[in-house]
Each structure stands twice: as structure tokens, then as C-alpha cells.
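Below is one structure, written out as C-alpha cells; comments come after it.
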Amino acid sequence: MTENLKHLRIERDARGVATLTFDVQGAPFNVFNDEVIGDLRSVIDDIERDPPRVVVFRSGKASGFFAGADVNRIQQLEHADEVRAVIDAGHSTFARIERLPCPTVAVIHGPCLGGGMEFALACRHRVARDDASTKLGLPETSLGLIPGWGGTQRLPRLVGLRQALKMILEGTNLSASKAAAVGLVDVAAPADSFDATLEQFVADRLNGRSVRHPTRKLLDTLLDATSPGRAVVLASARKKIAKKARDYPALAAALHAVEVGLRTPGSAGYHAEREGFVSVVFTPVAKSLIGLFFQREKARKPSTWVRGVKPATMRKAAVVGAGTMGAGIAQLLAFNGVPVALKDISDDIVAGGMKKVAALTDAAVSKSLLTRADGEALVRRVTPTTEWGPLAGCDLVIEAVVEREDVKRTVFKELAEKLGPDAVLASNTSALSVSRIAESTPHAERVAGLHFFNPVHRMQLVEVVRGRDTDDATVATLVELVRKVGKVPVVVADSPGFLVNRTLFPYLDEAVRLVLEGVPGEEVDRAAVRFGMPMGPLELLDQIGIDIAADVSKTFASLTSDPGPVPERFAEMVAAGALGKKAGRGFYQYDGDRRRKLTAWATPKRARKPEGAAAGELSEVQMRLVYPMINEAAKCLETGVVAEAWMADLAMVLGTGFAPFRGGPLRTADTLGVARVVRELDELRAAHGPRFEPAGLLRHLADGGHGFYTEARALAHV
Ligand code: NAI
């Protein structure tokens with residue numbers, strides 16, 4: 001009964017074109033849930049009874065076509081049979097669309113992801129608007145799932161096996177123009193000619209014209225469309241995912257479903273896809289990754305952090321300090337439409353900063369994130385300066401000068417004098433006290449920290465640091481800005497190193513201690529990577545720069561009763577010029593960007609072999625590295641650096657790449673069992689010293705038999 005539709009409307013015109021417009025009620029993006037599938041089924045009943053000449057599916061929302069299946073619904077699934085029913089409903093609905101006798105056209109703008117992409121794949125044609133907001137893909141494996149509504153079956157047939165595996169196993173999204181180049185969409189057209197192109201495309205379908213698809217190269221055909229070629233591609237994909245698949249079971253499940261579908265056309269592939277989905281949906285990995293997805297959404301809601309105050313409008317901003325971070329931040333603001341003045345102390349340095357802005361913009365253009373004209377407009381939005389004049393009338397200034405409190409205080413004092421009383425002043429300091437910096441201004445309530453991570457354009461997290469006197473309006477303005485530039489804010493209290501550096505540093509420190517005790521650097525880094533970190537701690541130290549690590553270690557050493565030998569080792573390395581990657585050597589040797597072998601700094605003269613681990617357990621080195629992070633994150637929660645456990649976990653995953661499938665340090669503690677973590681920390685303390693003393697909160701949770709996420713307070717929010 002198409003009169004009772006809630007999320008979908010249907011219009012038929014005199015030419016015989018039926019246009020179905022989705023506008024899912026109560027959701028900012030279109031998502032598939034049981035009701036939407038129900039609406040779609042009744043429309044298909046109608047169309048099957050009385051077929052139009054062409055069916056056009058489109059979205060009534062400016063936000064995009066379809067963001068995917070409703071992840072809330074996936075999270076609520078409890079039993080395998082319930083999962084099978086949801087998958088069968090999608091399979092059968094999309095199969096009916098595929099079998100319709102008339103041409104079907106999906107009209108795509110904005111996100112077309114997951115279940116939305118699978119829906120579009122079931123249509124005979126796809127037309128996409130070519131602009132920065134349009135992205136097409138199957139990101140399910142990044143949630144620990146596999147495409148469950150035919151994606152593993154239809155995508156390889158449409159774009160070829162290799163391209164499909166890239167999209168499914170790596171979760172890569174395509175822009176509209178790339179999608180057209182690989183045959184995923186029939187036509188991509190820029191926004192200004194999109195309506196006319198679509199109109200012509202539909203008229204051509206009415207006239208029975210055929211669509212021209214890109215011709216495949218011979219090698220593509222050999223590899224994608226012959227069975228020996230496919231065997232080669234599948235074997236190489238299997239090899240490629242082998243390491244990651246230990247931690248992410250969805251990868252092997254997705255590959256299997258693709259393989260079955262290619263080998264045996266018909267229902268076997270869909271069956272393999274369904275059972276593959278069932279096999280992964282209840283795993284702790286999917287739970288952690290889906291948990292992170294919701295945490296990310298929650299962090300991007302301003303009301304999570306402050307209520308009842310309005311953020312100030314951001315018309316114009318400035319960045320002081322045009323170095324690595326300042327140039328990156330200025331480019332990010334301009335990318336998101338905010339005019340920005342970029343100030344430094346000399347013309348040469350400002351010019352260097354502008355060069356970085358231009359290089360970042362060129363990279364975005366070459367990735368089709370921007371057109372060349374938009375890229376040029378972006379660079380024009382950045383005004384280079386050594387004067388105060390261009391900063392007049394700014395609503396926000398972000399300071400990114402050298403990490404020295406005296407310099408920052410001078411800059412803030414001047415900023416307060418030159419700018420109006422309403423401007424928000426933020427520091428990008430990594431570890432200095434925001435409250436102390438604020439003392440140099442008469443308006444400490446408008447001063448806060450805004451800690452971006454390096455490289456700015458890639459790292460998703462920004463710590464918004466609430467100083468002692470920072471008011472809610474300032475926090476609201478900064479949270480809104482972070483959201484606007486597409487990043488994820490986590491509001492933290494002003495404590496040395498805030499949350500991320502404070503939690504990461506004990507891990508880096510422990511890595512160097514291990515080397516000093518005789519554990520080869522290679523064992524240390526390998527243990528961390530096996531645990532799921534994106535790179536080992538020694539390699540990370542090389543990237544941070546040993547000179548910077550030396551400064552930070554001094555700050556942290558002054559705060560602990562157990563400073564240990566690491567600051568001294570860093571000082572020796574700095575004296576010897578082993579400053580890390582930028583100097584071509586640190587713990588490793590480098591040849592340009594390429595990491596080579598370990599240096600003497602990571603190769604102990606009298607090496608000792610650390611204890612290995614039983615299957616599924618942590619090794620001695622892993623415990624030494626990971627437990628300090630768990631302990632420090634617990635201390636941050638205990639002392640109010642963050643208000644809830646998930647905030648620490650999200651920040652560590654986004655800020656450091658902490659093994660996403662483990663869901664963050666505190667969720668790792670839950671998975672291992674908090675009581676066990678406390679017991680093992682006690683053992684480490686007895687063997688290695690007081691730095692392993694478990695946080696009071698860990699003991700408290702262990703005594704009560706709780707975890708961070710099973711405690712009532714944390715559970716209420718996740
Ligand atoms: P950088 O050394 O590349 O740039 C600092 C810039 O500040 C230089 O161009 C310098 O000329 C300029 N400067 C110094 N005094 C100034 C003044 N009075 N007025 C205007 N400009 C002045 O340093 P980087 O790496 O960009 O760091 C900047 C800030 O960001 C520091 O507080 C650092 O701790 C923080 N940070 C750095 C990260 C990194 O990975 N590099 C990550 C996150 C934060």
C-alpha cells in the first residue's frame with residue numbers, strides 16, 4: 001500500500017518514469033532499517049504489478065543518498081537467526097529490484113555507503129554527482145563486519161575482482177569520477193550540470209539507447225574474468241590480508257564470500273555472504289569497532305561536552321606560528337571555508353608556511369578531494385603576514401609557536417592586547433599548562449588548548465583542553481570548530497600531556513627501558529605491532545624526533561618519583577645527533593623516507609631473549625608496553641582528565657592508532673579482565689618498581705568485579 005509509506009514517496013510522470021524519493025524520518029542521513037525496507041517492499045509490489053518504463057531511486061535529503069544500514073539496528077541483534085532474517089530481507093528485496101523488467105537508476109549524491117551502495121548495486125544504472133561530498137564504498141570491514149546485502153557478490157561482477165577486493169578489504173571509498181573510471185557508476189557529472197545530465201540519461205533509457213561502459217584493458221580481463229587469473233588475484237589477496245586477518249576476522253570472511261560467489265553463481269555466494277556476516281557480527285572485534293563508531297558520533301555532538309551555551313560564529317581566524325603544525329592547521333581551516341591569517345616572525349618563515357599550505361592543497365587536488373579552482377581559492381583564503389593588522393576582527397586565534405612557555409605567554413599577552421574582548425585564544429601546546437599560559441591575558445575564560453595531532457590533515461582527533469578558568473562558551477566554540485573542520489573533539493582537563501601524550505608516554509618510556517635492559521629493539525617494536533599498534537614505539541619515537549621526546553621526557557620525569565634512565569638516554573642520542581627520522585638516524589637508520597635497519601641505540605650489546613606468549617595471551621614485552629597505557633588512562637579517568645572511559649579509549653585510538661580492534665586501552669582492560677590486569681600490574685611492580693602501581697580506580701573496579709564498560713556510569717553513555 002504505497003499511500004501509507006513513511007520514508008519514501010513515489011511519483012509517476014506522463015512519460016512512464018517512476019521516481020522514488022527516500023527521506024528517512026528522524027534521521028539526518030538516509031539509513032536502511034526494518035521500516036525503510038518495508039516501505040521499499042511495498043513500492044516494489046506496486047511496480048511489479050504495474051511496471052513503469054524507468055524507475056529512478058533518489059534521496060530527498062541534501063546530506064546524501066544513503067549512509068548505509070542502521071548501525072544501531074546491527075548492534076541490537078542478539079541471535080544468529082535474527083541476523084539471518086535481516087540479511088534475507090535485504091537479499092530478497094534487492095534481488096527483486098535487480099529482476100525488475102524496466103531500467104532502474106540510482107541517483108547518487110553525497111555518501112553512498114554500505115547497505116546504500118549495495119542497494120545502488122542492485123539497480124541497473126548509477127548516476128553520481130561529481131563533487132567532494134560524494135563517496136561510494138563498502139566500509140563494513142572497518143566495523144568488523146562484511147557487506148551483507150549482496151556487496152560481496154555484485155561488486156566484483158561490476159568493477160572486476162581486483163577493484164572490488166580493494167574496496168571491500170581496505171574499505172576504500174571512491175569519488176564519483178573515480179567510480180565512473182572503474183565502471184561503478186555509468187555517469188558522473190559536476191553539480192552545475194548534474195540535473196541536465198540525469199535528465200538526458202533517463203531520456204536515453206526511455207529511448208532504449210544502450211550505455212557505453214569503459215573498455216577493459218586486456219590484462220584486467222585476464223586477471224578479473226578468467227579463472228586462472230582470478231586464482232592469482234585471490235591468492236595474492238589472501239597473502240596480503242594474512243597478518244591483519246588474525247586480528248580482523250571479517251577480512252577472511254569477506255574474501256571467502258567473494259570467492260564462493262565467483263566460483264558458483266547463483267544462491268551459494270549469497271549464502272556464503274550471509275553466513276560470513278553471522279560468523280563475525282558477534283565477535284569482540286566487531287563490538288569494539290562498532291563501539292568506536294558510536295563513540296565517534298557521540299564525540300561530534302556538541303551536547304556531549306557542554307549544554308545550554310551557543311558557540312560563537314566563526315567568520316575569520318588566525319594561526320600564529322607557520323611551522324609544521326601552524327601551516328597544517330591554517331590549511332585545514334581554509335579547506336573548510338574559514339578565511340585565516342597565518343603569522344610568523346619573518347617573511348621567509350611565513351613563505352615556508354605558505355609553501356606547506358600549497359603542497360597540502362595540491363595533494364588534496366590530486367586525490368580529487370578538491371577541484372583545481374577550489375584549491376586555488378583555498379590558498380587565497382590564507383593571508384600570510386608578519387604583522388598584527390591582518391589579525392584584526394578575528395573570532396579565533398590558534399597559537400602554534402615553539403613549545404616554550406615564556407614564548408607562548410608573550411604571544412598570548414600580545415594577542416589579548418591586539419584583539420577584541422570576544423576573540424577566543426587557543427594554544428596548540430602538546431604538554432604545557434594552558435591555565436598558566438592564560439594567566440598572561442586579562443580574559444583567561446576565553447583561553448583554552450586546541451591540541452591537533454601531526455599530520456593535521458590526516459589525524460582525526462583534536463583534544464580541546466579546558467584550562468582552570470576556561471568558560472563553557474569557549475569550549476562550545478572550539479568543539480563546534482573541530483566538528484566543522486571534520487575532526488573529532490575530545491574535551492580534556494588541563495594536566496601535563498593532557499590525555500593522549502600523558503597515556504602514550506609511559507609506553508614510549510618503557511620501550512626504551514626494555515632496550516636498556518637488553519631486549520633487542522626489534523623484539524620491542526615487533527611486540528607492539530603484533531598487539532595491533534600501527535608501528536613500534538621506537539619507530540614512533542624516531543618520527544616524533546628524539547629531541548622533542550627528550551623535552552617531553554624531562555617534563556614527565558619531573559612529575560614522577562620513578563624517572564628512570566630514559567631521559568638520560570635521550571640526551572645522549574641528541575648529543576650524538578641521532579634525532580630520529582628527520583636526521584636520518586635514531587633507533588633506526590633511514591634512507592630518505594625509507595626505514596632501514598636498527599642502529600646501535602636499539603641493539604643492546606648483551607641481548608636477552610624476552611618471554612614469549614601462549615596463544616591469545618600477551619607476551620612479557622607486550623605487558624610491559626601496554627599495561628602502563630592502561631594504568632595511565634585509568635589515572636586520567638580517576639583524576640577527571642576525561643569524564644568517561646570511552647572518551648579515553650576513543651582519544652587513544654584516534655590520536656595514536658591504538659589497536660582499533662581492541663577498542664582502546666580501557667576496553668582492553670575489560671577484555672583481559674580488570675582483576676587480572678591489577679594482579680599482573682602488582683607482579684610487574686614487584687619486579688620492576690613503583691611505576692607499575694595500579695591506579696586506585698583499577699583496584700576499585702577489580703574489587704567490585706566491574707569493568708570500565710560494565711560499570712553503570714560508563715554503560716549509560718555508550
Ligand atoms: P615548528 O618549530 O615547526 O614551528 C614553530 C613556529 O613558530 C616557527 O615557524 C617559529 O618561527 C614560530 N614562532 C616562534 N615564535 C613566534 C612568535 N613569537 N610569533 C610567531 N611565530 C613564532 O613547531 P611545530 O612542530 O609546528 O609545533 C608548534 C606547536 O605545536 C608546539 O607547541 C608543539 O608542541 C605543538 N605540537 C607539535 C606537534 C608535532 O608533532 N610537531 C604535534 C602537536 C602539537
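Below, all heavy atoms of this structure are taken into account, side chains as well, without hydrogens, waters or symmetry copies. Atoms within a ligand are numbered from 1 in the order they appear, just like the ligands themselves.
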Task: For T410, side-chain contact (heavy atoms from CB on, under 4.5 Å) partners two or more places apart - done: E414
Open item on the list: Please verify the inter-ring angle class for F505 with F556; under 30° counts as parallel, over 60° as perpendicular, anything in between as tilted.
Closed with: parallel
Just list the N/O pairs, ligand 1 to protein, that are under 3.5 Å apart, with the distance for each.
residue  : atom   : partner : partner atom : Å
ligand 1 : 3 (O)  : T324    : N            : 3.0
ligand 1 : 3 (O)  : T324    : OG1          : 3.3
ligand 1 : 9 (O)  : D344    : OD2          : 2.7
ligand 1 : 11 (O) : D344    : OD1          : 2.7
ligand 1 : 11 (O) : D344    : OD2          : 3.4
ligand 1 : 21 (N) : D344    : OD1          : 3.4
ligand 1 : 26 (O) : T324    : N            : 3.3
ligand 1 : 26 (O) : M325    : N            : 2.8
ligand 1 : 30 (O) : N428    : ND2          : 2.9
ligand 1 : 32 (O) : V401    : O            : 3.3
ligand 1 : 32 (O) : E403    : OE1          : 2.5
ligand 1 : 32 (O) : K408    : NZ           : 2.6
ligand 1 : 34 (O) : E403    : OE1          : 2.8
ligand 1 : 34 (O) : S430    : OG           : 2.7
ligand 1 : 36 (N) : S430    : OG           : 3.3
ligand 1 : 40 (O) : N454    : ND2          : 3.2

TODO: For A528, enumerate each residue passing the side-chain contact (heavy atoms from CB on, under 4.5 Å) test, keeping only those at least two apart in sequence or located in another chain.
DONE: Y507, M533, P537, L625
Open item on the list: Under 3.5 Å, is there a donor on one side chain and an acceptor on the other for T474 and E445?
Closed with: no
Task: Test: R502 and E463 ion pair at under 4.0 Å - done: no
Going by atom type alone, with no hydrogens or angles, which donor-acceptor pairs under 3.5 Å involve a side-chain atom of residues 541-551 and a protein atom two or more places apart or on another chain?
residue : atom : partner : partner atom : Å
D542    : OD1  : F587    : N            : 2.9
D542    : OD2  : F587    : N            : 3.2
D542    : OD2  : Y588    : N            : 2.9
D542    : OD2  : Y590    : OH           : 2.7
D547    : OD1  : K582    : NZ           : 2.8
D547    : OD2  : K582    : NZ           : 3.1

